[in-house]
Amino acid sequence: MQSFKYYAPTYVAFGRDTENRVAELVKKYGGTKVLLHYGGQSAIKSGLLPKVEKILSEAGIEYVKLGGVVPNPRLSMVRKGIEVCKQEGVDFLLAVGGGSVIDSCKAISSGRFYEGDVWTLYEHKDHATKYLPIGCILTIPAAGSETSDGSVITNDEVEGWLKKDYCVDEFRCKFAIMNPELTYTLPAWQTACGITDMMMHTMERYFSKDDDMEITDALAEALLRTCMQEGKKVLENPTDYNSRAQIMWAGSLAHNDLTGCGTSGDWATHCLEHELSGMFDVSHGAGLAAVWGSWARYTRGENMPRFARFAKNVMGVDTAGLIDLDAAEAGIQAMEQFFRSIGMPTNIHDLIGKEISDAEIADMADKCSTGDTHTVGGLKALCMADMVEIYKMAR
Ligand code: NZQ
Ligand code: ZN
């Protein structure tokens, strides 16, 4: 087992009506003037936002509102948020929404006291030293940003756009309020994208070269099986509290590093996907489903027994008598079949609704490898030429 650091400091308030604790938790973590950050319409329509405003006001906590965060959150919104925080003396960021709103808060947090351009941090050219604290009320289980150290932002100020991440422990939320009932209003598509994303967060850690972390593997396999089983139930009955709750908790456990302890992980599928959602503004979860099978077929030779184990322990394939290659292929097909069964695309054409061109593939591979100067992936280090091949396999 590889040495590891495990740091999951987020206070989780999970269950019905937990949003009622928002003022108490903001105060507990020192907030006196809050930036209330949210997305498009969902939190207003559901009544959550007005409810939060009332609770904050009644507790005597001042707040300013900044809505309009879109999926694949934009740098231009981050800049707006930083300005508002400076002008209004904000000392606490409260995200009401999903990964996009939380990630936007994280970027604002890092940019608030940073003297340079906040994008420099996402270019990995510098580190901020002071951050604003963040709390969240989660409304979509998916990205796992409520417990992760990451933030992914799309730079909408450059030609062709660029999506990049910045990961630091200071980005871990002080608290995450998670009421499964707040997810009842999610459309089936968003629910399915979320299930795919949390499964991929687990699989990116699972498919590594390390084979000696039984406890971590067993946790990961249980998490994946639960996502498939409860995911189906949730899609059939969107107001099934118990299934919504299993999925919501799975999303956090999938990305707080629990299933990464002792493994070196891979993350190439995420890197390949971020180029797709950066270029075509598609949902992150759907983009992952579109490329995963091609990535798996391209790289499985690096650790075939692990793909065979996945087939048996996660996908329930009867691998008796199969050579590892056949077992691996059966597992990959079963995973793709699951993705399709919940409405996810398993190729780029179905994802973007058109044939992707060679030039677009070349552009994505160029960005993903920063002009062929770095590789992605722990199972197999992919250079620009590998990326082109995988995108072509997935087209
Ligand atoms: O804007 P509104 O109207 O709120 O609608 C949102 C949005 O359109 C809607 N929604 C959210 N809660 C809802 C709801 N609709 C009805 N009822 C509710 N309760 O859902 C849509 C998607 O929301 P978004 O926040 O974009 O989804 P998600 O949580 O999947 O976040 C995706 C972003 O997170 C990044 C992705 O790249 C993407 O930009 N990621 C962040 C990570 C991290 N910080 O650790 C890791 C991930 O791998 C991922 O890259
Ligand atoms: Zn993800």
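In listed order, ligands and their atoms are each counted from 1. Here the structure is a predicted model, which means the values were calculated and not measured.
- Counted by atom type alone, H374 and S369 present zero donor-acceptor pairs between their side chains at under 3.5 Å.
- If you check the side chains of Q333 and E329, you find a donor sitting under 3.5 Å from an acceptor.
- Between R309 and E221, at least one side-chain N (NZ, or NE/NH1/NH2) sits under 4.0 Å from a carboxylate O, which counts as a salt bridge.
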Residues L379, F307; criterion side-chain contact (heavy atoms from CB on, under 4.5 Å); working and verdict: CA-CA 12 Å; L379 184 59; F307 280 89; 3.8 Å; yes
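- Using a 4.0 Å cutoff on heavy atoms, H201 counts as a contact of ligand 1.
- Taking 4.5 Å as the limit, every side-chain heavy atom of Y63 sits out of range of all side-chain heavy atoms of F92.
- Below 3.5 Å of separation, one finds no N or O of A142 facing any N or O of ligand 1.
- Using a 4.0 Å threshold on non-hydrogen atoms, atom 13 (C) of ligand 1 counts as touching the protein.
- Between V101 and ligand 1, a contact under 3.5 Å exists for no N or O pair.
- Taking distance alone, with nitrogen or oxygen atoms compared against 3.5 Å, G40 approaches ligand 1 more closely than that limit.
- At a 4.0 Å cut-off, not a single heavy atom of C193 sits close enough to ligand 1 to count as contact.
- Vertex the Zn ion (ligand 2); arms to H201 NE2 and H284 NE2; angle rounded to 10 degrees, 170°.
- If you look at D103 next to ligand 1, the close heavy atoms, those under 4.0 Å, all belong to the side chain.
- When non-hydrogen atoms are compared, ligand 1 lies under 4.0 Å from neither the backbone nor the side chain of V70.
- Within the structure, the closest approach of K163 to ligand 1 falls below 4.0 Å when heavy atoms are considered.
- Considering both main-chain and side-chain atoms, K106 never comes within under 3.5 Å of ligand 1 through any nitrogen or oxygen pair.
- Distances from the Zn ion (ligand 2) to the N/O/S atoms of H270 are shortest for NE2.
- Using modelled atom types and a 3.5 Å distance limit, the side chains of D210 and S208 yield a donor-acceptor pair.
- Residue, atom and distance of the protein heavy atom nearest to atom 34 (O) of ligand 1 are A143 CB, 3.6 Å.
- For the pair R395 and D358, the salt-bridge criterion is met [side-chain N within less than 4.0 Å of a carboxylate O].
- At least one heavy atom of H274 sits closer than 4.0 Å to an atom of ligand 1.
- Ring pair H201/H255 is parallel by interplanar angle, where below 30° counts as parallel and above 60° as perpendicular.
- A salt bridge is absent between E275 and K367; no separation between the charged side-chain nitrogens and carboxylate oxygens falls under 4.0 Å.
- Considering backbone and side-chain N/O atoms, A43 never comes within less than 3.5 Å of an N/O atom of ligand 1.
- Taking both residues in full, the closest heavy atoms of I61 and T32 are given as CG2-O, 3.9 Å, listed atom of the first, atom of the second, then distance.
- Within the listing of ligand 1, atoms 40 (N), 41 (C), 50 (O) sit less than 4.0 angstrom from a heavy atom of V152.
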